Amino acid sequence: MVDNQWCRVRQDQVKLSDGTVIDDYFVNVRPEIALILPITVNKEIVFVRQYRHGVQEILLELPAGTFDPEKEDSLTAAKRELEEETGYIAQEFIFMRTIYDNPVKDDNKIHIFLGLNVEKKGKIELDVTEEIEVILVPAAQVIQKIMSGEICVAGTIATIFMALEFMNNPS
């Protein structure tokens with residue numbers, strides 16, 4: 001059994017509809033995530049490029065971070081993560097949706113925000129484990145980067161499509 005602040009693995013017993021019992025269904029109990037699509041007045045999206053050890057690759061993704069909902073709300077976490085990872089601050093945050101990260105084996109959620117009119121006015125404060133390069137990508141090039149595989153993180157892709165829909169149909 002793994003049980004620490006970043007990941008806890010729980011073993012459940014699951015009874016299927018046909019009566020079959022699975023004794024060893026393992027669930028990752030993970031922290032909530034706040035994920036932000038920050039966009040500048042020049043229609044550039046602020047991305048972070050960082051090494052992800054699980055897949056052992058350097059990936060281009062939107063700023064995000066974990067939080068404990070008993071200690072802070074998702075909006076506070078989104079604001080904090082955006083500034084800590086990128087040095088950018090948004091003039092306005094719009095909550096778009098909460099989605100599940102990987103509901104087959106994980107129990108956490110991703111709280112998705114759109115950050116409007118972001119400006120580099122804050123201070124980057126990376127965690128010890130973070131090595132982040134901040135990348136500005138013109139919004140018009142983002143879909144091409146998804147289709148080419150340069151952007152390949154599921155939460156980032158879902159957020160981009162939700163934000164594009166929101167910006168095209170704000171009602």
Side-chain angles (χ1 to χ4, degrees), residues 4-8 28-102 106-143 145-146 150-168 170:
N4 70 36
Q5 74 181 46
W6 302 110
C7 181
R8 190 174 132 236
N28 297 309
V29 180
R30 301 188 57 228
E32 302 288 296
I33 298 169
L35 192 151
I36 312 95
L37 186 143
I39 189 159
T40 68
V41 293
N42 296 327
K43 303 278 189 242
E44 294 174 306
I45 297 174
V46 182
F47 284 89
V48 293
R49 188 186 314 272
Q50 61 186 320
Y51 176 74
R52 294 304 197 179
H53 188 73
V55 294
Q56 298 183 4
E57 289 184 35
I58 296 172
L59 300 175
L60 186 63
E61 56 192 332
L62 293 171
T66 62
F67 71 99
D68 180 346
E70 293 181 13
K71 295 181 181 174
E72 75 181 325
D73 61 46
S74 59
L75 176 58
T76 302
K79 290 177 179 180
R80 176 181 48 77
E81 286 295 331
L82 176 60
E83 182 177 0
E84 286 178 359
E85 289 189 355
T86 69
Y88 281 81
I89 296 175
Q91 297 300 312
E92 181 182 0
F93 276 87
I94 297 170
F95 172 74
M96 289 196 294
R97 179 95 38 238
T98 296
I99 63 174
Y100 289 103
D101 191 9
N102 175 16
D106 297 345
D107 73 344
N108 68 323
K109 298 172 186 171
I110 301 174
H111 306 271
I112 298 173
F113 293 87
L114 178 60
L116 299 176
N117 302 319
V118 300
E119 297 177 281
K120 191 163 177 66
K121 289 185 169 181
K123 181 180 177 188
I124 294 176
E125 294 184 29
L126 299 177
D127 293 339
V128 188
T129 59
E130 293 178 316
E131 291 181 19
I132 292 176
E133 177 186 6
V134 177
I135 307 287
L136 296 176
V137 177
Q141 295 176 13
V142 171
I143 299 300
K145 289 187 179 301
I146 292 170
E150 185 176 351
I151 297 173
C152 59
V153 178
T156 289
I157 293 170
T159 300
I160 290 166
F161 281 104
M162 280 190 279
L164 289 173
E165 179 63 24
F166 177 84
M167 289 185 292
N168 290 333

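In this text, all values refer to a predicted model and were calculated from it rather than measured experimentally.
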Are the side chains of [X] and [Y] in touch, meaning some heavy atoms are under 4.5 Å apart?
X: Leu116; Y: Gln91; value: no
X: Tyr88; Y: Leu136; value: yes
X: Thr86; Y: Val118; value: no
X: Thr76; Y: Arg80; value: no

Does Tyr100, at its OH atom, have more than 12 non-hydrogen atoms belonging to other residues, nucleotides or ligands within less than 6.0 Å?
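No, not enclosed.
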
Quick check: does any side chain N or O of [X] sit under 3.5 Å from a backbone N or O of [Y], one acting as donor and the other as acceptor?
X: Asn42; Y: Glu44; answer: no
X: Asp107; Y: Arg30; answer: yes
X: Glu83; Y: Lys123; answer: yes
X: Ser74; Y: Ala34; answer: no
X: Glu130; Y: Asp127; answer: yes

Go through Phe67 and Asp73 one step at a time and tell me if the side-chain contact (heavy atoms from CB on, under 4.5 Å) criterion holds.
CA-CA 8 Å; Phe67 71 99; Asp73 61 46; 6.0 Å; no

Identify the heavy atoms of [X] and [Y] that sit nearest to each other, and give their distance.
X: Ile151; Y: Ile157; result: O-CD1, 3.7 Å
X: Glu81; Y: Thr66; result: OE2-O, 4.0 Å
X: Ala78; Y: Ile36; result: O-CD1, 3.4 Å
X: Leu60; Y: Lys145; result: CD2-CD, 4.3 Å
X: Glu85; Y: Val134; result: O-CG2, 3.8 Å
X: Phe47; Y: Val142; result: CE1-CG2, 4.1 Å

Working to the nearest 0.5 Å, report the span between [atom1] of [X] and [atom2] of [Y].
X: Leu59; Y: Tyr51; atom1: CG; atom2: OH; value: 10.0 Å
X: Met167; Y: Lys43; atom1: CE; atom2: NZ; value: 7.0 Å
X: Glu92; Y: Leu114; atom1: CD; atom2: CG; value: 8.0 Å
X: Leu37; Y: Ile45; atom1: CG; atom2: CD1; value: 4.5 Å
X: Thr156; Y: Ile146; atom1: OG1; atom2: CD1; value: 8.5 Å

Set out, in order, the CA-CA distance, both residues' side-chain angles and the distance that settles side-chain contact (heavy atoms from CB on, under 4.5 Å) for Ile132 and Ile124, then state yes or no.
CA-CA 10 Å; Ile132 292 176; Ile124 294 176; over 6 Å; no

Could you check Ile110, Leu35, Ile33 and say which one makes a side chain to side chain contact (heavy atoms under 4.5 Å, CB included) with Ile99?
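For Ile99, the side chain to side chain contact (heavy atoms under 4.5 Å, CB included) test succeeds with only one of Ile110, Leu35, Ile33, which is Ile110.
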
CA sep, side-chain torsions, deciding dist, call: Ile58, Arg49, side-chain contact (heavy atoms from CB on, under 4.5 Å)
CA-CA 7 Å; Ile58 296 172; Arg49 188 186 314 272; 3.3 Å; yes

Would you sort out whether Leu82 and Phe93 count as a side-chain contact (heavy atoms from CB on, under 4.5 Å), showing the intermediate values?
CA-CA 11 Å; Leu82 176 60; Phe93 276 87; 3.9 Å; yes

